[in-house]
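These values consider heavy atoms only, across backbone and side chains, with no hydrogens, waters or symmetry-generated copies. Here the structure is a predicted model, which means the values were calculated and not measured. Proteins get letters first, then strands, A, B, ... in listed order; numbering begins at 1 in each.
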Amino acid sequence: MTFGKGCHLHLIDGSAFIFRAYHALPPLTRKSDGLPIGAVAGFANMLYRYVEGNKGPDAPTHVAVIFDHSSKTFRNEIFPAYKANRPELPEDLRPQFPLTRDATRAFNIACIETEGYEADDIIATLSCQARDAGGRVTIISSDKDLMQLIGDGVVMFDAMKNKLIDRDEVVEKFGVGPERVVDVQSLAGDSVDNVPGAPGIGIKTAALLIQEYGDLETLLERATEIKQPKRRETLVNFANQIRISKQLVMLKCDTPLEFSLDSLEVREPEPEVLMGFLNAMEFRTLTKRIADKLDVTPPPMVTAEATEAEAGPLPEALPFDHGAYEAVIDMAALERWIARIRDIGHVAFDTETTSLDEMRADLVGISLAVDAGRACYVPLGHRQGGGDLFASDSLSEGQLPMNAVLTALKPVLEDPAILKIGQNIKYDFKIMARHGIHMAPIEDTMLQSYALHAGLHNHGMDELSDRYLNHTPIPIKSLLGGGKAAVTFDRVAIVDAVKYAAEDADVTLRLWQRFRPALHRAQVTTVYETLERPLIPVLADMEMAGVKVDRDVLARMSNAFAQKLVQLEEEIHEIAGTRFNVGSPKQLGEILFDQMQIPGGEKGKTGAYATGAEVLEDITTLEAHPTGAQLAARVLDWRQISKLKSTYTDSLQNHIHPETGRVHTSYSIAGANTGRLASTDPNLQNIPVRSEEGRRIREAFVAPEGRVLVSLDYSQIELRILAHIAGIPALKQAFRDGLDIHAMTASEMFGVPVEGMDPSVRRQAKAINFGVIYGISGFGLARNLRIPRAEAQGFIDRYFERFPGIRAYMDETVAFAKSKGYVQTLFGRKIHTPEINAKGPGAGFAKRAAINAPIQGTAADVIRRAMIRMPQAIAGLDAKMLLQVHDELLFEVAEEQAEKLTQVARAVMEGAADPAVHLDVHLRADAGQGRNWAAAH
DNA sequence: GGGCTCACG
DNA sequence: GACGTACGTGAGCCCG
């Protein structure tokens, strides 16, 4: 077909696909030879999705994927530094480039690259040709450098966001239409591509200037008329540089091409060619999916068969067949399953219960899986008449007695030769513990995923199944319903429960088959085996122990708070002169900034004024608005009390377990990317301590009669780790000498003696020390210290001058993250940083997170090691470890053994890094004890 | 259910 | 005069 009117050309930005694919996927390798193929796999998937998604009435008539040929182009002759600051390509990506071309050809799509030109120029040239021939063009990319091409039948489509980029979008981004984008980019420059532009002029200013003068040439000619002296000078002095920038930014529409548009006509893929490619890449899932679609039989996978002979069937090899799951309703059947488990030596194990709270949940059923597709469900506690208001409590028929089943399973679950595999198995471990079964050994697919993929995605079963098994399990909501009408699992019909529950065990088993070898390949087996897996029983015991909370203390505080709140509310209404909901930030904002006309109100993206504590604190100091100041101060008081009451004194009472009289939190091991734990239901890691009023809540956390609470917390653990990792001699020495580290920092920076130091000077140094751990920025420090930004930047500069190792650490860490896609703790934990090479503000976040993660993560590893060793160490004492708060461990111990416990626990904590890592800075733990947590801390 | 606010390390 | 920023969490409330 000759390209012309009525034709529609799709131009796919191949490089964008590749990088997106590379960063979206874990570092997959080809099974047979270890060739990195993650990016190719993602690329092929994206191409496939593109092909499938573009078959409708508006399907393209012509299509091509365009690649960059090499990094050196004609632009480097104009400006040698062009794209010079691009980070090195990851070493495992480069070998995948030719394979992405192969993939494109395998899909029977034209694959284009030209020496000396960027993909963008080819896209520009083809767009122009197609437009001139009267056709339409869709550029599939979100690259802003291509936006200059939009218009006259040319549009862009962002395939990631599934969104059309049209003229309006361009105006929003650049402040001008597509035809003037080049002008704005020439002025603003581009740090990513190293286009110089005009110094000090960004997109905003550039857009203003272009709007005013029409176009770049006119602007440069009339530059002397510009009123602002700085801008005028810049434009006059840098006119040449700006013109060079324009040459760099402007895409060429006359790239020499050795083919015609006609040759890009859409062609169906040829099944053998496509299958051959996918097969050679050993893309099991994609091969199967496309084979189904094309209705052809995939060729046998030679290498895979060899692997299967050694390791059993691969997880994706079998489809999920819900009908094949067995309901175990007689003891003979159960015994058959037990025999299978003993035979194979492992079992995926899952419990179904009536609640997510393990301390209150009743057991409803158990599922087991021994191999992919071979799973069963043992119903135990299903009840009749689900949903009926007068539902009887009698058990449904056809269920084995719970006692008999547990008695039969106990030897298996406790057999040291049989591995019990679970997804978040701490949950099932606790459920079984309440039935007198101590499961061991255990394995957790959630934690395997955490060791492999922290930072890439979450580790819930549904997500893992979607990602790694290409299978969406039955959603629990489809059985239980949602919201108020939700029922508990015991009301689910057994026939439905079998499918859901057995599937969970099946999925878990398949994930395990997949993750187990992956741990070795990613070299995180040690992390998983020493920092994740052994933590499960330790945390389960802590959670089951719980901490005693005195309800009366909380109730009294709640009452006092309630009265105080009423009083404050009245005062607030009086000052405002109107009644409103003090708890509504929206209403408060309107009162302060509209009604009372206090200046400086800033609206957020929802259109509501910001009324956070910082804003209110500023208002309290406004002398021009005494009523506003008073109101703000009262609201701050109200907020504090209200928070304490609702989040702590009220809510904690509801968490006191009716039988144990204690509060049992739940720790999530795979919640925080850095290796920290997270505490939920309730969160006992954020009990107030910083304010006097809040700290009193800790008085409600008590030890029973004859016992005391002992708290040990690491002193400055993150700064010590920083001193070690970054290798800062002055910091190390200060810790060795037991100095006040913040005062020492201040002394080094400002040249003042520690003796008789102004507390505010020390405070500033402290803020800087913390800032360094967080990936310091002038902006952040300025905001924290409430000083001008330039001053904050001055502090930072001086700090880096004084401790040059810190700068080096930060630069090295960011560079590492950029090339590897992750950072590591001293103990080998990987934290992925997928956004680190992104453009836009996301990169800034990712950079700081990358700087922080090894420090925070190493500290998290250290306390994990201490916790794992603790039960052994304190076994001879009448003591229990109860809580972890990131750098603190809380124990309950018989009064007369408090000293001994402190001594033992301190030794474990201070020696926790050894022998895996020898820190140049010793760790120190401070201890306290008392009848309640406030006294012990 | 998202946004805001605020509690902790 | 810029996109916008200190790192990591969880919970309760308001409001559409």
Side-chain angles (χ1 to χ4, degrees), chain A residues 144 172-173 188-189 191 200-206 208 228 230-231 455 483 581-589 604-616 635-636 639-640 642-648 650-652 655 665-668 671-691 694-695 697-698 713-714 716-718 767-768 770-785 789 792 796 831 839-857 859-860 863 884-888 937:
Chain A
K144 61 176 177 5
E172 192 178 316
K173 186 160 180 62
S191 57
I201 292 187
I203 288 189
K204 287 281 158 72
T205 315
L208 275 178
Q228 297 90 331
K230 251 240 170 90
R231 281 184 199 169
N581 184 349
V582 184
S584 162
K586 184 165 171 272
Q587 294 179 30
L588 176 66
K605 51 186 154 190
T606 54
Y609 290 108
T611 67
E614 261 178 67
V615 176
L616 296 186
V635 172
L636 282 170
R639 286 234 181 112
Q640 197 206 350
S642 163
K643 175 83 175 179
L644 294 178
K645 181 171 187 293
S646 68
T647 309
Y648 300 105
D650 286 354
S651 159
L652 270 177
H655 282 286
T665 184
S666 178
Y667 287 101
S668 71
N673 287 335
T674 53
R676 274 196 178 181
L677 302 178
S679 157
T680 62
D681 307 301
N683 181 354
L684 294 186
Q685 290 182 322
N686 71 346
I687 302 302
V689 71
R690 292 176 188 166
S691 79
R695 188 159 48 234
I697 290 171
R698 295 192 172 215
D713 68 290
Y714 282 113
Q716 309 283 10
I717 186 168
E718 292 193 347
I768 296 170
F770 275 104
V772 167
I773 292 171
Y774 297 151
I776 200 157
S777 75
F779 182 93
L781 184 66
R783 208 174 70 164
N784 191 286
L785 286 176
R789 194 160 153 190
I796 294 171
I831 297 120
K839 299 183 178 187
F845 283 107
K847 232 165 108 171
R848 293 191 295 270
I851 291 167
N852 173 259
I855 304 168
Q856 188 183 119
I863 198 166
Q884 189 249 43
V885 192
H886 309 308
D887 64 359
E888 173 188 3
H937 184 74

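Between A:Thr611 and the phosphate of B:dT5, there is a side-chain N or O to OP1/OP2 separation shorter than 4.0 Å. OP1 or OP2 of C:dC14 has at least one side-chain nitrogen or oxygen of A:Asn581 nearer than 4.0 Å. Residue A:Gln685 places none of its side-chain N or O atoms closer than 4.0 Å to OP1 or OP2 of C:dG8. Residue A:Arg690 places none of its side-chain N or O atoms closer than 4.0 Å to OP1 or OP2 of B:dA7. OP1 and OP2 of C:dA11 both lie 4.0 Å or more from every side-chain N or O belonging to A:Ser651. Put simply, A:Lys173 has no side-chain N or O that comes within less than 4.0 Å of OP1 or OP2 on C:dC3. Dashed line: the shortest gap from a side-chain N or O of A:Thr674 to OP1 or OP2 of C:dC7 is not under 4.0 Å. Phosphate proximity of C:dA11 to A:Ser646: absent, as no side-chain N or O sits under 4.0 Å from OP1 or OP2.
Below the 3.5 angstrom threshold, one finds no donor paired with an acceptor across the side chain of A:Arg676 and the base of C:dT9.
Within 4.0 Å of A:Ala608, counting heavy atoms only, lies no atom of the nucleic acid at all. Nucleic acid contact class of A:Arg789 (heavy atoms, under 4.0 Å, all strands): base. Across all strands, A:Thr647 comes closer than 4.0 Å only to sugar-phosphate atoms, never to a base (heavy-atom distances). The residue A:Ile851 sits apart from the nucleic acid: no heavy atom pair falls under 4.0 Å. A:Ala850 comes within 4.0 angstrom of nothing in the nucleic acid, heavy atoms only. A:Lys643 comes within 4.0 angstrom of a nucleotide base, judged by non-hydrogen atoms across all strands. In this structure, A:Ile773 reaches neither bases nor backbone, as no heavy-atom distance under 4.0 Å exists between it and the strands shown.
If you take atom P in B:dG2 and the same atom in C:dA6, they sit 22 Å apart, rounded to whole Å. Here, B:dG3 and C:dG4 have their P atoms 16 Å apart, quoted to the whole Å. Here, C:dT5 and B:dC4 have their P atoms 11 Å apart, quoted to the whole Å.
Within 6.0 Å of the CD atom in A:Gln228, the count of heavy atoms belonging to other residues, nucleotides or ligands exceeds 12.
Taking a pair to require two hydrogen-bonding distances under 3.5 Å in either a Watson-Crick or a G-U wobble arrangement, C:dC3 remains unpaired.
Nearest heavy-atom pair, A:Ile851 versus A:Pro854, reported as atom, atom and distance to 0.1 Å: O-CD, 3.5 Å.
Among the nucleotides C:dA2, C:dA11, C:dT9, the one closest to any side-chain atom of A:Asp681 is C:dA11.
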Kindly determine whether A:Ile776 and A:Ile768 satisfy side-chain contact (heavy atoms from CB on, under 4.5 Å), including the steps that lead there. CA-CA 8 Å; A:Ile776 200 157; A:Ile768 296 170; 4.1 Å; yes

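Where A:Lys230 and A:Ser642 each meet DNA chain C at their nearest nucleotide, the meeting point lying more 5' is that of A:Lys230.
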